[in-house]
Asks: 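Just dropping this structure here.
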Amino acid sequence: MDIRVYKTFITVAENKHFGRAAETLYITQAAVSARIKQLEEFYATQLIIRDKKNLRLTPAGEALLSHAHLMVSQMEQSKLAISIANQQKLSFNIAATPNIWDAFFSNQIHEAVELFQHLVLGAEISVREAIQRKLDDRSLDVGLLADPIKDDEFYNELIGHFDLSLVGSRESFNREIDDYILVDWGITFQKEHALHHKVRPNFKTSTAMIALEVIQAKGGFAYLPTQLVEPLIDHQQLYRIDSPLQIQRPIYMVYRKDNDNQQLLTQFRNLYAMN
């Protein structure tokens with residue numbers, strides 16, 4: 001049923017006159033009569049008692065009036081909502097694990113902001129499991145991880161690397177130390193770490209900045225991003241420790257194969273992909 005029919009019915013009920021209703025709606029009186037007849041045929045009942053001196057609604061008409069107001073109101077609200085949605089910018093949402101944020105993306109995010117200035121850009125730090133869940137429900141477009149997601153629904157593209165350095169507040173490092181901080185640099189790192197190091201951590205974190213703050217405040221050792229700690233090493237505020245680990249870590253750009261924002265994904269990939 002055309003929503004204009006309900007608007008006409010409401011106007012007739014308010015004016016209690018077909019002629020005045022026609023003037024209010026800027027249509028002919030014949031058009032008003034035709035719309036009311038269409039409505040009565042649809043509901044198979046009389047809605048209006050047509051008395052020239054006392055036009056009034058039937059009980060069925062009274063029952064319909066509140067529903068007519070509701071339908072017209074909802075239609076207007078839906079038109080407004082769609083109009084607002086059409087004016088909104090597209091969005092592109094990125095999440096990085098804490099380690100990738102500290103080692104890589106925190107220094108690179110300004111490039112993404114500049115690239116996607118015509119969009120609503122979302123960026124967050126989250127754990128690997130939450131990133132996979134949000135990619136799966138499409139509330140995220142891209143995840144930046146140190147380890148790929150092994151699932152046929154996802155693409156895992158290697159877009160770069162970052163280096164780690166074992167550093168400490170003093171030069172001597174051995175298995176007897178009691179202030180080692182274990183930073184979570186991904187599954188592969190954890191396996192290599194367990195193979196090469198027998199030192200027991202007294203503190204664990206997924207965030208390099210937390211580890212660095214603890215070392216600077218209390219002393220200790222940790223694997224931290226080389227780019228982050230080089231200035232501190234140069235000023236002898238930290239010391240680089242020789243390490244048996246493979247200290248170059250990968251950065252994977254992970255996204256769903258059926259992501260609708262393929263053009264934006266390509267732009268993001270080109271921004272950071274290895275030459």
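Here the structure is a predicted model, which means the values were calculated and not measured.
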Asks: What's the verdict on side chain to side chain contact (heavy atoms under 4.5 Å, CB included) for Asp141 and Phe268, showing C-alpha distance, side-chain angles and the deciding distance?
Replies: CA-CA 11 Å; Asp141 292 291; Phe268 185 80; over 6 Å; no
Asks: According to the interplanar angle, ranging from 0 to 90°, do the rings of Trp185 and Phe189 count as parallel (below 30°), tilted (30 to 60°) or perpendicular (above 60°)?
Replies: perpendicular
Asks: For the residue pair Tyr223 and Leu182, establish whether any side-chain heavy-atom pair is separated by less than 4.5 Å.
Replies: no
Asks: Are Asp258 and Arg138 close enough for a salt bridge, meaning some N to O gap below 4.0 Å?
Replies: yes
Asks: How far apart are the C-alpha atoms of Leu224 and Ile215, what are their side-chain angles, what is the distance that settles it, and do they pass the side chain to side chain contact (heavy atoms under 4.5 Å, CB included) test?
Replies: CA-CA 11 Å; Leu224 297 176; Ile215 290 174; 4.3 Å; yes
Asks: Which atoms form the tightest heavy-atom contact between Ser126 and Pro98, and what is the distance?
Replies: O-CD, 3.5 Å
Asks: Would a line drawn from the ring center of Phe162 to the ring center of Phe104 be shorter than 6.0 Å?
Replies: no
Asks: Please say whether more than 12 non-hydrogen atoms of neighbouring residues, nucleotides or ligands are located less than 6.0 Å from CG in Asp136.
Replies: yes
Asks: Are Tyr180 and Phe221, when compared by the centres of their aromatic rings, separated by less than 6.0 Å?
Replies: no
Asks: Please list, chain by chain and in numerical order, all residues satisfying side chain to side chain donor-acceptor pair (under 3.5 Å) with Tyr252, sequence neighbours excluded.
Replies: none
Asks: Parallel, tilted or perpendicular: which describes the rings of His193 and His197, with under 30° parallel and over 60° perpendicular?
Replies: tilted
Asks: Please determine if Asp179 and Arg170 form a salt bridge, counting it only when a charged side-chain N lies under 4.0 Å from a carboxylate O.
Replies: yes
Asks: Could you check if a side-chain atom of Met71 sits within less than 4.5 angstrom of a side-chain atom of Ile3, using non-hydrogen atoms only?
Replies: yes
Asks: In terms of hydrophobic clustering (I, L, V, M, F, W, Y; side-chain heavy atoms under 4.5 Å; direct or indirect links), are Val127 and Met253 co-clustered?
Replies: no
Asks: Identify the heavy atoms of Arg128 and Thr97 that sit nearest to each other, and give their distance.
Replies: N-CG2, 3.9 Å
Asks: Are there over 12 heavy-atom neighbours, none belonging to Tyr155, within less than 6.0 Å of that residue's OH?
Replies: no
Asks: Indicate whether the side chain of Thr188 and that of Asp147 have a donor and an acceptor atom separated by less than 3.5 Å.
Replies: yes
Asks: Do Tyr255 and Arg269 have side-chain atoms, one donor and one acceptor, less than 3.5 Å apart?
Replies: yes
Asks: Using a cut-off of 6.0 Å, state whether more than 12 heavy atoms not belonging to Gln267 lie near its atom CD.
Replies: yes
